[in-house]
Amino acid sequence: MTHYTLAELHQQFCRVQRNGFGWLEAQTDAPRAVVLIHGVTGGKDDMLPLAERYLALGYAVYCPDLVGHGDSAMIAVRDFADLGRWFRDAVNEIGVTPELIVANSYSSAVVYSYLQQGFLPEQTSVILGCPTPIIAWFSRVLDRIGQVLPRRLMWFVYNTSLVQKIRVFYLYRGETSASRAWLVESEKRKYHYIAPDVSVTLTGLLSSDNPFQGAILPSDIQRRVTVVLGQRDNVIAPGAREFLHKILPDATFVDAGPAGHILHFEAIDALVAKRSA
């Protein structure tokens with residue numbers, strides 16, 4: 001099978017930037033739409049391998065940049081509710097009512113806040129990939145270092161070749177050369193894609209105002225939520241799985257098998273809506 005890089009997949013999509021929001025879109029005349037959103041320090045191109053699957057299923061596909069990433073402007077963020085409102089505004093700017101929203105990692109928390117605030121349209125379902133209610137100790141240590149060091153220095157160190165290799169080694173639990181190549185390609189793009197203070201600002205909120213520790217979703221909303229977890233996710237703490245089952249008893253849980261935290265590369269099939277397959 002031919003391996004297409006993220007840059008090559010990008011060529012099949014139209015890039016849109018409007019009113020402080022940026023996204024990629026394709027097949028926009030399709031009768032149903034999906035919004036795919038990446039995690040912190042990632043980018044809209046990261047979701048393109050998954051986007052290819054949804055295009056084949058007949059969806060119009062929209063891949064927005066997370067706030068402060070790529071073509072999406074940073075906003076003043078006081079709490080996670082601001083991020084939930086930002087996502088509402090991003091979907092409104094795209095101008096569709098999606099049948100499905102798929103979020104991965106940090107953006108699962110953003111979308112969870114969106115759900116808490118009652119913004120989910122009646123006809124929309126949600127897939128939360130590797131949510132982050134309880135962060136593992138290594139990730140918490142990195143966040144604390146980032147809060148102490150000068151942000152430009154931290155961002156420079158974070159993007160050195162050595163640290164990129166360490167991060168890939170730590171994060172990657174996939175089993176194909178293609179998925180690893182996508183992660184390496186994504187890592188190399190970060191330095192000029194995100195301002196030095198964005199990552200620290202956003203990740204700090206997971207400690208100070210984690211939405212999963214807040215209001216429980218109504219049962220009717222939970223029934224439209226699917227949670228996807230990899231068996232070898234070392235970004236979230238072991239207790240995170242049990243916690244998610246406790247706060248989302250009416251949601252559907254999908255086991256992504258021996259995948260880690262980078263589900264949109266390592267376990268693409270697990271993020272595809274089963275009723276559409």
Checklist line | Donor-acceptor under 3.5 Å (His69 side chain, Thr41 main chain) | finding: yes
Shortest non-hydrogen pair, Ile268 vs Pro49, comes out as CD1-CB, 3.6 Å
CH2 (Trp23) and CD1 (Ile94) are apart, to the nearest 0.5 Å, by 5.5 Å
- prompt: Do side-chain atoms of Arg224 reach the backbone of Thr124 as a donor and acceptor pair under 3.5 angstrom?
  reply: yes
Evaluation steps, side-chain contact (heavy atoms from CB on, under 4.5 Å), between Thr5 and His10: CA-CA 9 Å; Thr5 66; His10 181 103; over 6 Å; no
| Can you check whether Leu6 reaches Phe265 side chain to side chain, under 4.5 Å on heavy atoms? | yes
Within 6.0 Å of CZ in Arg15, more than 12 heavy atoms from elsewhere:
no
Centroid separation Tyr106 to Phe80 less than 6.0 Å: yes
**Study point:** Under 3.5 Å donor-acceptor, Asp65 side chain and Asp71 backbone
**Key:** yes
dist Asn104:CG -> Leu36:CG (nearest 0.5 Å) comes out at 10.5 Å
Heavy atoms of Asn210 and Phe212 approach each other most closely as OD1-N, 3.0 Å
When rounded to the nearest 0.5 Å, the distance separating OH of Tyr4 from CD of Glu52 is 9.0 Å
**Report entry** Neighbour count above 12 (heavy atom, 6.0 Å) for Arg180 CZ
**Finding:** no
So, does Gln116 use its side chain to make a donor-acceptor pair with the main chain of Pro211 at under 3.5 Å?
yes
Notebook entry, point to check: Is the shortest side-chain N to carboxylate O distance from Asp220 to Arg223 below 4.0 Å?
Noted result: no
Is the shortest heavy-atom distance from the side chain of Pro98 to the side chain of Val35 under 4.5 Å? yes
Are His38 and Asp46 close enough that a side-chain donor and a side-chain acceptor fall under 3.5 Å? no
### Message
Whether the side chain of Ser125 engages the backbone of Leu100 through a donor-acceptor N/O pair (distance < 3.5 Å, no angle test) should be reported.
### Response
no
For Leu263 and Ala256 the tightest heavy-atom approach is CD2-CB, 3.9 Å
### Message
Looking at Asp79 and Asp82, would you say the former's side chain and the latter's main chain have a donor-acceptor pair under 3.5 Å?
### Response
yes
For Gln222 and Leu217 the tightest heavy-atom approach is NE2-O, 2.8 Å
Please walk me through it: do Gln27 and Val61 pass side-chain contact (heavy atoms from CB on, under 4.5 Å)? CA-CA 7 Å; Gln27 205 164 271; Val61 176; 6.0 Å; no
So OH of Tyr193 and NZ of Lys44: to nearest 0.5 Å the spacing works out to 3.0 Å
**Request:** Can you label the angle between the Phe87 ring and the Tyr114 ring as parallel, tilted or perpendicular, going by 30° and 60°?
**Result:** perpendicular
request  = Evaluate the side-chain proximity of Tyr112 to Leu248: yes if any heavy-atom separation is below 4.5 Å, no if none is.
outcome  = yes
Can you tell if the side chain of Leu271 reaches within under 4.5 Å of the side chain of Arg53, non-hydrogen atoms only? no
Legend entry - Side chain Ser108, main chain Ala103, donor-acceptor under 3.5 Å: yes
The reported gap from CG in Leu9 to CE in Met47 (rounded to nearest 0.5 angstrom) is 13.0 Å
query = Heavy-atom distance under 4.5 Å between the side chains of Leu229 and Leu244, does that happen here?
reply = yes
### Task
Assign the ring pair Phe253 / His245 to parallel, tilted or perpendicular, where the plane angle (0 to 90°) is split at 30° and 60°.
parallel
Q.
When you compare the side chain of Leu57 with that of Val272, does any pair of heavy atoms fall below 4.5 Å?
A. yes
Note: Ser72 and Gly22 closest approach over all heavy atoms is OG-N, 3.1 Å
inquiry  = If you apply the rule side-chain contact (heavy atoms from CB on, under 4.5 Å), what do you find for Leu66 with Leu202, and how did you get there?
reply    = CA-CA 10 Å; Leu66 181 62; Leu202 296 183; 4.2 Å; yes
Margin query: side-chain contact (heavy atoms from CB on, under 4.5 Å), that's the test. Do Asp233 and Cys130 meet it? Break it down for me.
Written below: CA-CA 8 Å; Asp233 189 334; Cys130 49; 3.4 Å; yes
Checklist entry - Is the side chain of Tyr170 donor-acceptor paired with the backbone N or O of Asn234 at a distance under 3.5 Å, no angle test? => result yes
Requested in this report: Could you tell me whether a side-chain N or O of Gln164 sits under 3.5 Å from a main-chain N or O of Asn159, the two making a donor and an acceptor?
Outcome: yes
| Does Glu266 pair with Arg173 as a salt bridge, N-O distance under 4.0 Å? | no
Please determine whether a side-chain nitrogen of the Lys or Arg among Glu185 and Lys188 lies less than 4.0 Å from a carboxylate oxygen of the Asp or Glu.
no
For Val228 and Pro131 the tightest heavy-atom approach is O-CD, 4.0 Å
> Cut-off 3.5 Å, side chains only: do Tyr172 and Ser179 have a donor facing an acceptor?
Replying inline: yes
Rounded to the nearest 0.5 Å, the NE2 atom of His264 sits from the OG atom of Ser186 at a distance of 6.0 Å
